[in-house]
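The structure under discussion appears below in the form of structure tokens.
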Amino acid sequence: MGRAFVYVILGGGVAAGYAAHEFVKRGVSHGELCIISEEPVAPYERPALSKGYLLPEDPARLPAFHCCVGSNEERLTPKWYKENGIELVLGTRVKSADVRRKTLLTATGETITYKILIVATGARALKLEEFGVSGSDAESVCYLRDLADANRLVNVMQSSGGGNAVVIGGGYIGMECAASLVIGKINVTMVFPEAHCMARLFTPKIASFYEEFYRSKGVKFVKGTVLTSFDFDSNDKMTAVNLRDGTKLPADMVIVGIGIRPNTSLFEGQLTLEKGGIKVNGQMQSSNSSVYAVGDVATFPVKIFGETRRLEHVDSARKSARHAVAAIMEPEKTTEFDYLPFFYSRVFTLSWQFYGDSTGDVVHFGDFLGNSFGAYWVNKGHVVGSFLEGGTKEEYEAIAKITRLKPAIEDLSDLETQGLGFALTL
Ligand code: FAD
């Protein structure tokens with residue numbers, strides 16, 4: 001049993017949706033393109049799962065957040081794929097790949113052949129078991145990567161109303177889920193090993209603003225330690241979690257957001273891997289010329305930094321996917337991918353954006369008591385990164401532009417005095 005396509009996208013997440021949109025824009029013919037996804041639904045905007053999806057009132061539900069609504073573009077419903085002659089093979093896991101033969105074998109026993117493959121398998125959530133903690137298969141322990149996880153989390157939240165949740169991890173997932181739990185009237189304690197939240201990006205000063213804001217909403221923080229075990233009563237209902245520092249926290253539910261691992265295993269030994277992802281060139285093409293990789297699974301040259309990186313953010317998934325399709329359909333017209341890293345988050349009434357790289361000296365600016373402040377990162381005498389909370393569209397565009405331009409900075413205190421004005425007047 002088997003089918004053959006010119007183009008196959010393996011994975012049906014954010015990158016797959018944007019790649020499909022780009023294929024159609026560039027005139028793919030009916031029957032040429034197939035998307036295979038383990039998830040049972042057409043590609044959707046994954047960030048919605050930790051934001052609108054968890055809200056107690058008027059929560060976001062599919063089909064409202066199918067790609068590409070996150071970029072204010074067309075919403076690609078299953079009908080759209082059908083009308084454009086794109087085969088959606090959903091609820092189907094690919095269990096092996098042979099890049100020499102150009103075949104994929106599905107868990108249902110079908111062999112799918114391609115001429116060009118785009119690997120968009122994203123990443124999976126790291127499990128506590130991988131850190132030597134057992135018990136995270138319990139009903140009230142939740143992870144959050146896909147729609148099935150989100151539905152489970154919503155159910156656990158509903159049955160924990162008024163109770164206690166412990167959020168493990170102080171990154172995006174932890175911070176966004178903690179906000180949703182509080183809005184859902186669940187008491188939240190966040191636990192993480194670092195000295196402050198969002199440790200990979202935030203400075204202590206920036207983190208302290210968000211932690212204070214969270215405290216004002218009732219969130220407690222236990223830092224510098226990790227979870228070691230769960231307590232359950234005789235009915236297997238969770239009662240508490242135990243931390244390495246000896247603390248016992250009452251808990252009806254736990255959300256774990258401790259990082260992700262890219263889904264590369266199908267290609268290990270077949271494609272060159274680097275920095276945990278599939279290594280690609282500026283056309284998103286892997287070490288096998290018929291295989292491209294995009295989104296969270298791809299390690300690509302970030303021109304502005306002069307080095308390869310693997311990014312775990314939605315904007316990079318969207319743009320790398322579009323770029324790969326451009327390179328496949330119009331190779332002679334497509335230059336090297338020239339991407340400016342961009343991350344964002346929205347919690348409660350807050351909203352921030354970050355562009356570039358968080359290396360070098362940090363210059364904070366603005367009003368940390370009000371909700372309008374930011375920072376520049378200056379490395380080797382040039383602006384390499386910018387952060388802004390509570391900006392307008394024009395202000396965010398200005399910090400993006402300045403980061404791309406990398407202006408020379410002679411005097412850090414002068415930059416501090418000018419603050420956002422520096423970006424706005426450049
Ligand atoms: P994914 O969107 O993860 O898609 C991968 C797809 O491949 C999935 O459908 C998966 O089932 C499928 N797949 C994997 N292996 C197989 C296989 N063997 N066979 C078949 N199918 C397979 N980023 C931001 O910048 N800002 C945010 O606010 C933000 N919020 C987020 C909130 C949540 C809850 C999560 C989970 C992520 C968030 N992100 C955010 C990150 C962003 O969603 C990812 O960077 C983006 O989804 C990556 O897109 P992708 O297509 O590479 O991978």
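Note that the numbering runs from 1 along the sequence shown for the chain. Read the numbers this way: they start at 1 and go in the same order the structure lists the ligands and their atoms.
Residue His313 places at least one N or O, backbone or side chain, under 3.5 Å from an N or O of ligand 1. In terms of polar-atom proximity, defined here as any N/O pair under 3.5 Å, Leu49 makes no such contact with ligand 1. Looking at ligand 1, you won't find any N or O of Ser345 less than 3.5 Å from one of its N or O atoms.
Under the 6.0 Å cut-off for aromatic ring centres, His313 and Tyr172 qualify, their centroids lying closer than that. Aromatic pair Phe342/Tyr355: ring centres closer than 6.0 Å. A ring-centre distance under 6.0 Å is not found for Tyr344 and Trp352. Taking the six-membered ring for Trp, Tyr44 and His66 have ring centres at least 6.0 Å apart. A centroid separation of less than 6.0 Å is found between the aromatic rings of Phe373 and Phe368. For Phe422 and Phe365, the gap between ring centers reaches or exceeds 6.0 Å.
Arg124 does not count as a contact of ligand 1, since none of its heavy atoms falls under 4.0 Å from the ligand.
Close contacts of ligand 1 with Gly295, meaning ligand atoms under 4.0 Å from a residue heavy atom, involve 52 (O). If you number the atoms of ligand 1 from 1 as listed, the ones under 4.0 Å from a heavy atom of Glu312 come out as 41 (C), 45 (O). Atoms of ligand 1 found under 4.0 Å from any heavy atom of Gly11, numbered from 1 in the order shown, are 6 (C), 7 (O), 12 (C). Which parts of ligand 1 touch Leu266 is read off a 4.0 Å heavy-atom cut-off, strictly below it: atoms 18 (N). Which parts of ligand 1 touch Asn263 is read off a 4.0 Å heavy-atom cut-off, strictly below it: atoms 14 (C). Ligand-side atoms of ligand 1 in range of Leu144: 34 (C), 36 (C), range being under 4.0 angstrom from any heavy atom. Residue Ala317 approaches ligand 1 through these ligand atoms, each under 4.0 Å from one of its heavy atoms: 48 (C), 49 (O).
Counting heavy atoms only, Val94 comes closest to atom 19 (N) of ligand 1 of the residues Leu104, Leu90, Val94. Summarising the contacts of atom 30 (N) of ligand 1 with Arg46, Lys51, Glu39, the nearest heavy atom is found in Lys51.
Using a cut-off of 4.0 Å between Lys/Arg side-chain N and Asp/Glu carboxylate O, Glu176 and Arg346 are scored as not salt-bridged.
Of the heavy atoms in Lys95, none comes closer than 4.0 Å to ligand 1. Neither the backbone nor the side chain of Leu311 comes within 4.0 Å of ligand 1, counting heavy atoms alone. By the criterion of a heavy-atom distance under 4.0 Å, both the backbone and the side chain of Tyr344 are placed next to ligand 1. In Ile173, the part holding a heavy atom less than 4.0 Å from any atom of ligand 1 is the side chain. At a 4.0 Å heavy-atom cut-off, ligand 1 touches Pro47 through backbone and side chain alike.
Screening Asn84, Val24, Ile116, Ile9 against Leu33 for a side-chain contact (heavy atoms from CB on, under 4.5 Å) leaves a single residue, Ile9.
The environment of Lys237 atom NZ is dense: over 12 non-hydrogen atoms of other residues, nucleotides or ligands sit within 6.0 angstrom.
Using cut-offs of 30° and 60° for the angle between ring planes, the Phe354 and Trp377 rings count as perpendicular.
Taking the ring centre of Phe192 as origin, the terminal cationic atom of Lys223 falls outside the region bounded by 6.0 Å and 45° from the ring axis.
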